[in-house]
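First listed ligand is number 1; within each ligand, the first listed atom is number 1.
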Amino acid sequence: MLVVAVISLKGGVGKTSVTLGLAGAAWERGVRTLVVDLDPQGNASTVLDPPEVRFTASDVLSDPRPKLLAHAVARSGWGPEVDVIAADSLLERHNALAGRESTLRLRIAMGGLRGYDLVLVDSPPSLGGLTRNALAASHVALVVAEPSLFALQGAAAALDAIELVRSDNLRLRPAGILVNKLRAQSVEHRFRHDELRRTYGDLVLEPALLDRTAVQQAEGACVPVQAWRSPGAREVADALDDHLDHLLARPVDAGPLGKGRR
Ligand SMILES: Nc1ncnc2c1ncn2[C@@H]1O[C@H](COP(=O)(O)OP(=O)(O)O)[C@@H](O)[C@H]1O
Ligand SMILES: [Mg+2]
């Protein structure tokens, strides 16, 4: 079981869309996937549309027992391939808590989790307690960036955040930087994309995800982009398929918990 945190310290770059896109790629192939929504905004939960939620991600962080987590797992509206632990607005209070004990809660709660090939953790756009929980529970962190003016800074901050959390979670590795919403005809986008590649080399994952209205349309209809019938949807879905392959090909490091700095 591979646990992937999808992060960026900036909002609106596409963390949730990448999380949902990878979940959709897994859905299309029948790869058993759990999405953990750690963003108090709950956008991923809205699109995954679980018919029944008994406990939420904030319940899990408040009481991190594996048994409670098992009850928080809900079947998504997409079908039996994708389950979700849904967010609620009470999650916000966990963002303020960043001590070692608080940041290991998701990892502890996930201790008994079985039956999934892939767990995707969506996170809010800050390095607060929620993103730290996501990083502490994960094997790899996927950094999402837009090809814009602040992309370089944003990616640097996200990679620093991964290094910071590695003192608590020695197995954590960056999965790479996934450029999202690329408009190939935009000179500025091409420039920023090249700048990222010059700076981060192989860490910049190929192919970038193109800016396609189908992503928004599928999210609005609460379906995977893979189920949306348009050429744009197919382009994005094909790229996501490559990224899912790349993620699943990684050896999963069982690594120990670090001693922590604090
Ligand atoms: N590849 C894409 N093409 C077009 N729109 C996109 C794409 N990725 C994300 N979006 C849209 O951009 C907005 C912000 O994306 P979102 O995934 O919610 O970002 P974040 O989770 O980082 O805040 C959403 O309306 C989403 O539908
Ligand atoms: Mg989001």
Side-chain angles (χ1 to χ4, degrees), residues 4-25 35-49 56-58 76 84-89 91-92 94-95 120-128 130-131 133-135 141-148 150-151 153-155 157-158 161 175-186 188-190 192-193 196 204-244:
V4 183
V6 182
I7 69 161
S8 126
L9 305 188
K10 197 167 175 297
V13 299
K15 285 176 293 303
T16 299
S17 302
V18 166
T19 304
L20 293 169
L22 290 170
V35 174
V36 181
D37 188 357
L38 283 196
D39 186 346
Q41 303 236 345
N43 299 144
S45 306
T46 303
V47 178
L48 287 167
D49 197 24
T56 63
S58 85
S76 79
V84 56
I85 296 182
D88 66 43
S89 57
L91 264 176
E92 191 59 57
H94 294 280
N95 222 13
L120 297 163
V121 189
D122 193 12
S123 59
S126 69
L127 186 59
L130 293 168
T131 301
N133 263 282
L135 291 172
L142 181 61
V143 175
V144 183
E146 262 184 289
S148 68
F150 303 114
Q153 249 173 300
I177 301 168
L178 181 50
V179 173
N180 182 37
K181 296 201 219 185
L182 179 72
R183 291 196 301 276
Q185 22 355 326
S186 156
E188 170 67 8
H189 274 204
R190 286 206 305 271
R192 296 298 168 192
H193 192 196
L196 277 166
V204 178
L205 302 174
E206 302 291 344
L209 300 183
L210 300 175
D211 187 322
R212 292 291 178 261
T213 318
V215 172
Q216 291 156 39
Q217 289 170 321
E219 288 173 5
C222 297
V223 298
V225 70
Q226 289 77 5
W228 199 258
R229 298 290 156 227
S230 77
R234 204 60 252 168
E235 281 175 301
V236 174
D238 286 346
L240 287 162
D241 216 35
D242 290 351
H243 292 298
L244 182 64

Original post:
Does ligand 1 have any atom sitting under 4.0 Å from a heavy atom of Leu209?
Top reply: no
Original post:
Can you find an N/O atom of Lys181 closer than 3.5 Å to an N/O atom of ligand 1?
Top reply: yes
Original post:
With a 4.0 Å cut-off on heavy atoms, does Val236 reach ligand 1?
Top reply: no
Original post:
To which protein heavy atom is atom 9 (C) of ligand 1 closest, and what is the distance rounded to 0.1 Å?
Top reply: Ser17 OG, 3.1 Å
Original post:
For ligand 1, is there an N or O atom under 3.5 Å from any N or O atom of Asp122?
Top reply: no
**OP:** Output yes when the distance from some N or O of ligand 1 to some N or O of Gly12 is under 3.5 Å, and no in every other case.
**Re:** yes
Original post:
Counting heavy atoms only, which of Gln217, Glu146, Glu219, Arg183 is nearest atom 27 (O) of ligand 1?
Top reply: Glu219
Subject >> Heavy atom of the protein closest to atom 18 (O) of ligand 1 (residue, atom name, distance) >> reply: Thr16 CB, 4.0 Å
Subject >> Residue, atom name and distance, where the atom is the protein heavy atom closest to atom 19 (O) of ligand 1 >> reply: Gly14 N, 3.0 Å
Subject >> Which of the ligand 1 atoms, numbered from 1, are nearer than 4.0 Å to a heavy atom of Lys15 >> reply: 17 (O), 19 (O), 20 (P), 21 (O), 22 (O), 23 (O)
Subject >> Which of the ligand 1 atoms, numbered from 1, are nearer than 4.0 Å to a heavy atom of Asp211 >> reply: 3 (N), 4 (C)
**OP:** Would you check the N or O atoms of Lys10, main chain and side chain alike, for any that come under 3.5 Å of an N or O of ligand 1?
**Re:** no
Subject >> Heavy atom of the protein closest to atom 25 (O) of ligand 1 (residue, atom name, distance) >> reply: Gln216 CG, 4.0 Å
**OP:** May I ask you to check if any N/O/S atom from Thr16 comes under 2.8 Å of the Mg ion (ligand 2)?
**Re:** yes
Original post:
What part of Arg212, side chain, backbone, both or neither, has a heavy atom within less than 4.0 angstrom of ligand 1?
Top reply: backbone
**OP:** Could you tell me whether Arg183 and Asp211 have a side-chain N and a carboxylate O separated by less than 4.0 Å?
**Re:** yes
Original post:
Which residue and non-hydrogen atom of the protein lie closest to atom 8 (N) of ligand 1, and at what distance in Å?
Top reply: Asn180 ND2, 3.0 Å
Original post:
What do you reckon, does Thr213 have a nitrogen or oxygen under 3.5 Å from a nitrogen or oxygen of ligand 1?
Top reply: no
Subject >> Atoms of ligand 1 close to Leu210 [distance to a heavy atom under 4.0 angstrom, numbered from 1] >> reply: 1 (N), 2 (C), 3 (N)
